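A short write-up of the structure that comes next.
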Number of protein chains: 2
Amino acid sequence: MARPKSFDRENPGSLYDTFDDKHGLFLESVTLYRRTVVARRLEKLDEPGPARDRIAAFFEDVIRFSLGEGRLLGCLMTNSAIELAPRDRDTALAVAANFAEVESAFRKVLRRAQVAGEIAADRPVEDLARYLTSGLQGLRVMAKAQQDEAALRSVVRLMLATLD
Amino acid sequence: MARPKSFDRENPGSLYDTFDDKHGLFLESVTLYRRTVVARRLEKLDEPGPARDRIAAFFEDVIRFSLGEGRLLGCLMTNSAIELAPRDRDTALAVAANFAEVESAFRKVLRRAQVAGEIAADRPVEDLARYLTSGLQGLRVMAKAQQDEAALRSVVRLMLATLD
DNA sequence: TCCATATTTGAGCGATCGTTCAAAAATCCG
DNA sequence: CGGATTTTTGAACGATCGCTCAAATATGGA
């Protein structure tokens with residue numbers, strides 16, 4: 001794990017006073033990330049306007065981020081799921097809770113779309129929300145290997161077609 | 001990176017004679033993985049029978065692997081995409097080539113399905129193949145966080161519905 | 001002001017990392 | 001056989017890891 005010199009060469013002690021150990025510091029970082037980065041992103045699904053457009057805009061944002069600002073780092077939750085979750089129970093719990101949160105946000109907007117008549121009332125909202133969450137993770141992986149914006153957009157287009 | 005003691009405490013030299021360095025060894029491992037594990041899995045898409053059933057069986061295999069034998073390690077290509085690709089050009093190239101290969105295998109089976117009349121001739125095979133590849137990666141991430149077989153299967157069900 | 005207490009500091013511990021290489025052992029050739 | 005060559009061996013290097021703690025400094029109360 002990268003560590004700025006100011007934290008471990010000049011004054012590692014303060015870090016170990018505040019958090020118990022490296023693992024504790026990491027878990028706190030995950031919590032902070034969820035409360036800021038993830039929360040902010042999910043809020044976008046709640047914005048006014050046609051619910052389906054909100055979902056499309058959400059994925060458009062993710063693509064832009066993945067190919068731009070977040071090209072190197074990607075998403076901490078996706079990275080943690082792949083790198084840490086299988087061998088670290090605490091991380092696994094945090095990641096599972098995060099995915100549940102994302103799913104919940106999708107459910108909310110999908111129900112809104114149903115009420116607005118944009119999505120048929122008999123579509124399985126729970127399954128669709130999970131499907132979108134999984135598809136989101138797929139995009140994050142794909143974006144790391146090929147920076148082809150048009151390709152990623154075509155994936156999103158087919159994902160959104162499932163809502164019809 | 002895990003290293004069996006026999007390789008680096010008893011005789012690290014032989015390893016450095018065979019491969020230049022740790023990075024070279026890793027790239028050789030990726031190549032071997034693609035030629036064995038990935039190739040074997042993709043062959044399943046070529047087996048006889050209705051093409052759509054082949055795709056369904058393929059994803060069923062992936063779910064079984066992800067929750068069973070591969071629960072801890074997962075897929076080397078997915079892991080490499082997330083962990084290494086953004087900072088290592090060689091890995092990025094190998095992962096991109098791998099995903100292209102997966103996509104190509106999906107295209108092949110989708111075309112077969114079109115010829116057999118199982119999938120409408122006007123469906124965009126290229127986009128669908130990429131969509132399935134991305135969806136596959138999504139499953140691999142989801143499986144690391146929640147070992148819920150029914151949930152993963154419901155995702156696959158919706159993915160396959162896109163083929164209709 | 002003076003002492004007690006709290007905070008900041010960075011040197012440094014033992015472990016492991018990626019890697020090298022001299023010495024020992026095995027193998028080959030005449 | 002014997003000597004030259006190749007292979008095997010594991011000790012060890014410098015860097016970095018996660019982490020600790022005594023000493024230096026700052027701060028608070030009397």
Side-chain angles (χ1 to χ4, degrees), chain A residues 1-38 70-98 141 144-145, chain B residues 1-38 70-98 141 144-145:
Chain A
M1 215 171 288
R3 29 183 216 178
K5 94 171 71 176
S6 57
F7 278 171
D8 73 354
R9 259 207 291 288
E10 283 166 20
N11 185 7
S14 88
L15 197 155
Y16 286 90
D17 285 347
T18 309
F19 311 97
D20 280 4
D21 51 16
K22 189 193 148 174
H23 189 243
L25 166 59
F26 175 73
L27 291 177
E28 281 302 315
S29 308
V30 167
T31 299
L32 180 63
Y33 185 88
R34 290 181 59 195
R35 282 205 305 244
T36 54
V37 180
V38 176
R71 191 162 24 115
L72 290 178
L73 295 180
C75 167
L76 179 61
M77 305 320 298
T78 308
N79 300 353
S80 300
I82 291 294
E83 299 187 38
L84 272 8
R87 316 197 93 89
D88 175 37
R89 194 159 236 107
D90 296 325
T91 299
L93 285 172
V95 170
N98 180 75
V141 177
K144 295 245 188 172
Chain B
M1 215 171 287
R3 34 183 214 177
K5 94 168 73 170
S6 57
F7 278 170
D8 74 354
R9 258 207 292 287
E10 283 166 19
N11 184 8
S14 87
L15 198 155
Y16 285 89
D17 285 347
T18 309
F19 312 97
D20 281 4
D21 51 15
K22 188 193 147 171
H23 189 242
L25 166 59
F26 175 74
L27 290 177
E28 281 302 314
S29 308
V30 167
T31 299
L32 180 63
Y33 185 89
R34 289 182 59 196
R35 283 204 306 242
T36 55
V37 180
V38 176
R71 194 165 19 122
L72 289 178
L73 293 179
C75 167
L76 180 60
M77 306 319 300
T78 308
N79 299 353
S80 300
I82 291 295
E83 298 187 39
L84 271 8
R87 316 197 94 88
D88 175 36
R89 193 159 237 106
D90 296 325
T91 300
L93 285 171
V95 170
N98 180 76
V141 177
K144 296 245 188 171

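All chains are named by letter (A, B, ...) in the order of the sequence lines, taking the proteins before the strands, and each is independently numbered beginning at 1. Predicted model, so just to flag it, every value in this text is computed and none were measured.
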Exercise for the section: Take atom CG of A:Asp21 and atom P of D:dC19, then tell me their distance rounded to the nearest Å. Expected result: 5 Å

Exercise for the section: Tell me, please, which residues at least two apart from B:Ala94 pass side chain to side chain contact (heavy atoms under 4.5 Å, CB included). Expected result: B:Val30

Exercise for the section: Identify, with sequence neighbours excluded, every residue that meets side chain to side chain contact (heavy atoms under 4.5 Å, CB included) alongside A:Glu83. Expected result: A:Asn79, B:Ile82, B:Glu83

Problem - Atom-pair distance (NZ on B:Lys22; P on C:dT19), nearest Å - result: 8 Å

Problem - With B:Arg35 via side chain to side chain contact (heavy atoms under 4.5 Å, CB included) - residues at least two apart - result: B:Thr31

Practice task
Nearest whole angstrom, please: distance from the P of D:dG18 to the CZ of A:Phe19.
Solution key: 15 Å

Practice task
Starting at atom CG of B:Leu15, determine the distance to atom P of D:dT9, rounded to an integer number of angstrom.
Solution key: 13 Å

Exercise for the section: Quickly work out the B:Tyr16 OH to C:dG18 C1' distance and round it to whole Å. Expected result: 4 Å

Handout entry: Contacts of type side-chain hydrogen bond (donor to acceptor under 3.5 Å, both in side chains), residue A:Asp20, not counting sequence neighbours
Key = none

Practice task
Please identify each residue that fulfils side-chain hydrogen bond (donor to acceptor under 3.5 Å, both in side chains) with B:Thr78, with sequence neighbours left out.
Solution key: B:Gln137

Practice task
Look at the side chain of A:Tyr33 and the backbone N and O of A:Leu76, then say whether any donor-acceptor pair between them is shorter than 3.5 Å.
Solution key: yes

Listing time: all N or O pairs from protein to nucleotides 6-13 of chain C that are below 3.5 Å?
from	atom 1	to	atom 2	distance (Å)
C:dG10	N7	A:Glu10	O	2.6

